[in-house]
Amino acid sequence: MKSSIPEMVLNDGLRLPVMGFGTSGLKGNEGAAAVESAIRTGYRLIDSAYNYENEGTIGEAVRRSAVPREELLLTSKLPGRYHEYDKAVAAIQESLYRGGLDYYDLYLIHWPNPEEDRFVEAWQALIDAKKWGLIRSIGVCNFLPEHLERLKNETGVLPSINQIELHPYFNQEEQRRFHEEHNIATESWSPLARVQDILDHDVIQKIADDQNRTVSQVILRWHYQIGAVSIPKSSNPVRQKENLSIFDFSLSENQMNDIAALTTEDGRIQNQDPAVYQEF
């Protein structure tokens with residue numbers, strides 16, 4: 001199936017679909033089958049990470065797929081234990097070896113780990129890996145404005161994208177405004193939040209009923225309309241297609257406001273505050 005997902009242009013010129021496919025927890029043959037199904041359904045942006053331990057699964061799905069590698073955009077992420085420059089370079093190379101790939105389209109620093117305070121060093125490794133042709137576009141995950149400012153001040157290079165926790169219970173309005181002001185794309189992880197909680201929410205269910213859509217489709221449409229790239233995950237081919245079918249309707253301003261009103265200050269799923277959270 002040909003992809004019909006709209007695209008955005010990142011600050012370095014890379015064209016990125018506004019919806020991708022999340023793969024956390026998808027491993028082995030079943031995982032490869034799920035990813036290959038997503039590609040067949042129309043997904044072209046595939047999100048992975050070193051710490052998901054499934055870069056090989058993604059590579060296998062790519063090899064099984066009839067879609068040429070150059071039409072896919074593959075993402076992986078550098079873990080916190082490899083922020084030291086030489087270790088970061090080796091980890092990027094290892095990511096490629098695991099996937100059997102010549103390059104990644106996107107490579108991100110997974111968390112800033114401010115206690116160690118080596119994320120700028122890791123960022124320099126990504127900058128160099130891009131120069132060497134190992135990565136097409138470089139970005140980060142979970143970086144707060146102060147972390148992003150340090151990257152700019154100390155290397156002169158801002159990320160093309162920042163993948164952050166973003167869902168109706170935690171809409172990150174101020175962070176998204178900072179991204180917009182600095183031409184950094186926003187990508188949403190856990191876009192559907194705690195799925196069962198949010199699927200049962202009366203406000204979103206009413207919007208879904210009014211739109212004759214599923215709750216998941218309404219939430220993913222909300223992400224699209226606030227300008228964020230979402231990466232929902234499902235191994236079910238029917239749900240994969242359903243999640244992708246959000247580009248033929250629109251939420252009204254009132255509906256968008258109703259969803260925005262659901263956010264709370266403590267809306268993070270697992271209280272993973274990048275100012276203090278450590279990931280290795």
Side-chain angles (χ1 to χ4, degrees), residues 1-8 15-49 52 54 57-75 105-106 161 163 166-168 185-201 204-252 255-256 259:
M1 176 178 174
K2 181 178 174 59
S3 178
S4 58
I5 307 174
E7 295 179 326
M8 65 168 58
R15 300 184 69 86
L16 198 71
V18 298
M19 185 185 292
F21 184 71
T23 69
S24 176
L26 298 181
K27 297 182 181 182
N29 186 58
E30 288 187 4
V35 175
E36 196 276 328
S37 170
I39 294 171
R40 189 169 59 250
T41 300
Y43 294 87
R44 295 295 178 264
L45 173 62
I46 309 297
D47 182 80
S48 180
Y52 296 171
N54 68 354
T57 294
I58 306 308
E60 175 62 19
V62 169
R63 287 184 288 275
R64 292 182 186 182
S65 173
V67 175
R69 165 68 182 94
E70 60 269 20
E71 294 182 17
L72 301 172
L73 293 105
L74 307 181
T75 304
D105 300 276
L106 270 172
I161 197 165
Q163 186 184 119
L166 176 56
H167 45 76
T186 298
E187 188 172 30
S188 312
W189 63 259
S190 288
L192 300 177
R194 300 178 185 90
V195 175
Q196 196 53 52
D197 290 349
I198 209 158
L199 291 182
D200 293 337
H201 200 286
I204 302 179
Q205 184 61 63
K206 182 180 185 307
I207 295 173
D209 291 342
D210 290 345
Q211 289 280 359
N212 195 27
R213 298 283 173 159
T214 68
V215 167
S216 295
Q217 287 174 324
V218 166
I219 296 170
L220 293 171
R221 179 70 196 191
W222 171 79
H223 283 276
Y224 174 56
Q225 288 187 212
I226 64 172
V229 177
S230 60
I231 45 173
K233 179 187 73 173
S234 176
S235 57
N236 184 315
V238 174
R239 186 62 57 81
Q240 290 174 354
K241 184 176 181 180
E242 175 187 294
N243 287 344
L244 208 54
S245 302
I246 66 161
F247 302 110
D248 57 351
F249 76 101
S250 297
L251 300 176
S252 70
Q255 290 171 333
M256 291 291 291
I259 295 174

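Values below: every heavy atom of this structure, side chains too, minus hydrogens, waters and symmetry copies.
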Main chain of [Y], side chain of [X]: is a donor-acceptor contact present, judged purely on distance under 3.5 Å?
{"X": "Thr23", "Y": "Leu26", "result": "no"}
{"X": "Gln225", "Y": "Leu251", "result": "yes"}
{"X": "Arg40", "Y": "Ala66", "result": "no"}
{"X": "Asn54", "Y": "Thr57", "result": "no"}
{"X": "Tyr43", "Y": "Gln240", "result": "yes"}
{"X": "Ser65", "Y": "Ala61", "result": "no"}

Distance (rounded to the nearest 0.5 Å) between [X] [atom1] and [Y] [atom2]:
{"X": "Ile58", "Y": "Arg63", "atom1": "CD1", "atom2": "CZ", "answer": "10.5 Å"}
{"X": "Met256", "Y": "Ile207", "atom1": "CE", "atom2": "CD1", "answer": "9.5 Å"}
{"X": "Lys241", "Y": "Ser37", "atom1": "NZ", "atom2": "OG", "answer": "11.0 Å"}
{"X": "Arg221", "Y": "Asp248", "atom1": "CZ", "atom2": "CG", "answer": "8.0 Å"}
{"X": "Ser230", "Y": "Asp47", "atom1": "OG", "atom2": "CG", "answer": "11.0 Å"}

Residue from His223, Met19, Met8 passing side chain to side chain contact (heavy atoms under 4.5 Å, CB included) with Val229 =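 Passing option: Met8.
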Are any non-hydrogen side-chain atoms of [X] and [Y] less than 4.5 angstrom apart?
{"X": "Ile226", "Y": "Thr186", "value": "no"}
{"X": "Leu16", "Y": "Glu7", "value": "no"}
{"X": "Pro6", "Y": "Tyr224", "value": "yes"}

ask   = Without hydrogens or angle criteria, can the side chains of Gln255 and Gln211 be said to hold a donor-acceptor pair below 3.5 Å?
value =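 Checked: Gln255/Gln211 side chains pair up, N/O donor to acceptor below 3.5 Å.
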query = Just checking, is any N or O donor in the side chain of Thr214 or Glu242 under 3.5 Å from an acceptor N or O on the other one?
reply =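 Per modelled atom types, Thr214 and Glu242 side chains form a pair under 3.5 Å.
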message = Taking ring pair (Phe, Tyr, Trp, His ring centres under 6.0 Å) as the definition, give me every residue that meets it alongside Phe249, ordered by chain and number, with sequence neighbours left out.
response =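 Per chain and number, Phe249 pairs via ring pair (Phe, Tyr, Trp, His ring centres under 6.0 Å) with no residue.
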query = Which atom names give the shortest non-hydrogen contact between Ala208 and Val215, and what distance separates them?
reply =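 For Ala208 versus Val215, the nearest heavy atoms are CB-N, 3.9 Å.
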Evaluation steps, side-chain contact (heavy atoms from CB on, under 4.5 Å), between Ile259 and Val218 = CA-CA 10 Å; Ile259 295 174; Val218 166; 3.9 Å; yes
task = Show the numbers, then the answer: is there a side-chain contact (heavy atoms from CB on, under 4.5 Å) between Ser245 and Gln217?
result = CA-CA 7 Å; Ser245 302; Gln217 287 174 324; 3.8 Å; yes
Which donor-acceptor pairs under 3.5 Å do the side chains of residues 67-75 make with protein atoms, sequence neighbours left out?
residue	atom	partner	partner atom	Å
Arg69	NH1	Leu72	O	3.1
Arg69	NH1	Asp105	OD2	3.0
Arg69	NH2	Tyr103	O	2.9
Arg69	NH2	Asp105	OD2	3.0

key: side-chain contact (heavy atoms from CB on, under 4.5 Å) evaluation trace for Leu45 with Ile5   = CA-CA 10 Å; Leu45 173 62; Ile5 307 174; over 6 Å; no
